[in-house]
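Comments concern the structure below.
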Amino acid sequence: MIRSLTTLRDWVDARLPIKRAWDTHLGAYYAPKNFNFWYFFGALSLLVLANQLLTGIWLTMSYVPSVDGAFASVEYIMRDVDGGWILRYMHSTGASAFFVVVYLHMFRALLYGSYQKPRELTWIFGMLIFMVLMAEAFFGYVLPWGQMSYWGAQVIISLAGAIPIVGEDLVTWVRGDYLISGITLNRFFALHVVALPIVLLALVVLHLLALHEVGSNNPDGVDIKQLKDEQGRPVDGIPFYPYYVVHDLPAVAVFLFIFCTVMFFFPEMGGLFLEHPNFEKANSLKTPEHIAPTWYFTPYYSMLRAVPDKFLGFIVFASALTLPFILPWLDRSPVRSWRYRGNMTRLMLVLFVASFLILGALGIKAPTDARTWLARGCTVIYFSFFLLMPVWTSMEKTRQSPERTTANGGIGFWGSLLALLLMLTLVFLPLKAVGASQDLELDHMQPDLSNRSSLQAGAGIYMNYCLGCHSLQYSRYERVADDLAIPHDLMLANLVFDPDQKIGALMENNMDEAQAKRWFGVAPPDLTLVARARGVDWLYTYLRTFYADPARPYGVNNRVFPDVAMPHALLSLQGLQECAPDTLAEARDGIRRDPLTGKDIHVDPCAQFRLAETGELSAEEFDSAMYDLVNFLAYVGEPAALHRERIGKYVLLFIALFFVFTWLLDREYWKDIH
């Protein structure tokens, strides 16, 4: 058997040089001995690329690239496809992870001068990969067809309209229509799934070929090819396989542990990885309160937004992306690594990274005058880093690089920790100075999806009081019954009010949309994802803060959703609340007098309520009922949440064991290297 396989291998190798390719790029490719922490991110980027390609293939099998089907197909993947939710989270978390490892990989190149001669072409291919990756991420961001997908695309595509003469025609050409439509979605789907992955893979291959032709850089910036032994092998190099393949495995385990922690326990990452407005279907007539792209675009978005003129903003935006291409010719330093450069390099690099992080944080937030000025200052620092580089790199004093690699160079663990603290301080203090958003204070509730009695009670309230107007069109009766341990016959008899509905049907209501618009001015929204789009705290506060307002058509208003068109559907349970005077003093028109200073202070006149008409439930019973209802809506928003967290614990345990094994293996291989 072995002889047959050997013969087959030799036959193939004679016609396709597999062995030569293996030796060139792995087996006989010598890498420096002194790679450190920063050199893990190249291998990790390949790992994430493989994840994105494989999960993307599976997701396309169930995705429908049309205006009517895109959003629904994503929910179908999350709810009805076996393992669909884990594929979606692997892909969405992988998108952010890709940019994390790529940004850190680029930072390593800045640290050690990996863009300098003879690696200019390697750097250019890397920058092209980054540009294609941004385009790939943008096109993929549009595919879920949520609110932020639609409006983010509207903002980014409209940038091309600032180009003189050809701008508007270019915008129309990119969209394929006069507005963002199904045609736009179809062409973005084709680019995301077919065209750009091919380009990305080709660039990755070219990047690796260029790297292996000139050899890898190292933290000392030493060319290991200059000093070889009698066999012609670099004295300070070791074969990439098996040493660095084994050496990367513990890093892969740590990365997977972090990746899976996010994926199984924090897949939304507070709205950074999966934006909350994207849990609402795209609506061209409803603009989100604050439009912002996903986090990995926000540094460049902040620069764009900081410039008042649209065309100049586009120039700044485009320049920020293209200027790093010429970095190899801007750096005039005689040494590569920052270890042997002067203090000016350290200062400029720290300011550059801090400004980039601040721009990223500002891009997520709604603009204010203070934030805009901070963004302008950070934009100046960003461009100064590149445009002034020929000056400060040629003027600063440097130390002589060593002739051979060192195993203990750099600033060490404590120095790295101190540098990280300094960086975080430089980022935190300016952001703190421009102030935080003044959001309405909400009442907190913590969902408990393991409490089936609460979920069953919430389902009963929803079916009786909400389903007549609001559907759950992406959720099925059967799935709800099974997850909440409700027998199918009881579900059909007591919680499915349409006798023609089957147990496997979607939970759609029977209200005619045209009639609903006549009654309420707008059709009541589907509430399948309301807890994810708005947040459970907002929803819990909203349901409990209807109050009497004779000026409104239905005689009620709401504290967290002013002038809402919805009547108080739970009036019979809660009773009718009215605004109560402020507890410290009478509040007239939202103003009260501070007893200490004697000055008038603006207050919320409806910060507290009093009951004008009693309902069927006491205040405590009503709060408990609203907890059950919101708990049920949180479950409906993501039925797999409890299962996801349960699986996550076992996955993390397995990865921890895998780390121990790979660490011991790595230690055994490397024990005699240094």
Side-chain angles (χ1 to χ4, degrees), residues 72 75 79 279-281 283 454-481 483-484 486 488-534 536 538-540 542-547 552-558 560-561 563-577 613 615-617 621-622 624-637 639:
E75 288 307 308
R79 297 163 189 276
F279 291 113
E280 297 180 48
K281 187 177 179 179
N283 184 350
S454 171
L455 294 174
Q456 291 168 356
I461 296 171
Y462 189 91
M463 302 299 185
N464 284 284
Y465 290 91
C466 307
L467 191 60
C469 295
H470 300 278
S471 65
L472 300 175
Q473 62 177 317
Y474 305 113
S475 186
R476 299 183 186 275
Y477 290 108
E478 184 178 27
R479 174 70 181 268
V480 171
D483 288 348
L484 274 56
I486 302 174
H488 288 189
D489 56 342
L490 291 180
M491 186 78 175
L492 288 168
N494 298 287
L495 297 176
V496 180
F497 304 119
D498 184 353
D500 296 328
Q501 289 280 17
K502 305 296 183 183
I503 191 66
L506 294 170
M507 299 171 69
E508 298 174 325
N509 62 17
N510 296 319
M511 175 176 284
D512 180 70
E513 186 172 335
Q515 190 176 29
K517 287 182 178 179
R518 283 201 303 272
W519 288 352
F520 305 115
V522 63
D526 176 83
L527 297 187
T528 311
L529 295 164
V530 65
R532 302 192 76 180
R534 293 283 189 171
V536 291
W538 186 94
L539 189 56
Y540 180 62
Y542 168 76
L543 290 171
R544 296 164 54 252
T545 55
F546 278 92
Y547 63 91
R552 298 297 300 154
Y554 293 99
V556 291
N557 210 328
N558 191 274
V560 300
F561 197 156
D563 300 333
V564 63
M566 174 180 164
H568 190 8
L570 302 166
L571 179 65
S572 61
L573 298 180
Q574 183 185 26
L576 183 62
Q577 299 182 123
E613 300 175 13
E616 299 172 14
L617 304 178
E621 290 172 335
F622 182 76
S624 177
M626 292 306 97
Y627 175 90
D628 294 338
L629 176 56
V630 175
N631 202 31
F632 171 72
L633 289 172
Y635 151 76
V636 171

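Numbers here are sequence positions counted from 1. All values derive from a computational prediction rather than experimental measurement.
The CD1 atom of I486 lies 9.5 Å from the CG atom of N494; values are rounded to the nearest 0.5 Å. Once rounded to the nearest 0.5 Å, the distance linking CG of L633 with CG of L543 reads 7.5 Å. Between the CZ atom of R552 and the NE2 atom of H568 there is a distance of 15.0 Å, given to the nearest 0.5 Å. With rounding to the nearest 0.5 angstrom, the CG atom of L484 is 6.5 Å from the CZ atom of F632. Rounded to the nearest 0.5 angstrom, L506 CG and Y477 OH are separated by 9.0 Å. To the nearest 0.5 Å, atoms CG (D526) and OG (S475) are separated by 9.5 Å.
Counting heavy atoms from C-beta outward, Y462 and L495 have side chains that stay 4.5 Å or more apart. Residues E75 and L529 form a side-chain contact, since some pair of their non-hydrogen atoms from C-beta on lies under 4.5 Å apart. Residues Y465 and L629 are not in side-chain contact: their nearest non-hydrogen atoms beyond the backbone lie 4.5 Å or more apart.
Here the shortest heavy-atom pairing between P639 and D483 reads CB-OD2, 4.0 Å. Scanning all heavy atoms of the two residues, the minimum distance from R476 to G504 falls at NH1-O, 3.1 Å. When all heavy atoms of C469 and P524 are compared, the closest pair comes out as O-CB, 3.5 Å. Scanning both residues, E508 and S471, for their nearest heavy atoms gives CA-CB, 3.7 Å. Heavy atoms only, all atoms of each residue included: L570 and M626 are closest at CD1-SD, 3.4 Å.
Counting only distance, with no hydrogens or angles, the side chain of Q577 and the backbone of F546 share a donor-acceptor pair below 3.5 Å. Between the side chain of Q574 and the backbone N or O of R544, at least one donor-acceptor pair lies under 3.5 Å.
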- Verdict with reasoning, M491 to V480, per side chain to side chain contact (heavy atoms under 4.5 Å, CB included): CA-CA 9 Å; M491 186 78 175; V480 171; 4.0 Å; yes
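For the pairing with V636, the side-chain contact (heavy atoms from CB on, under 4.5 Å) check across N631, L455, L472 returns one residue only, L472.
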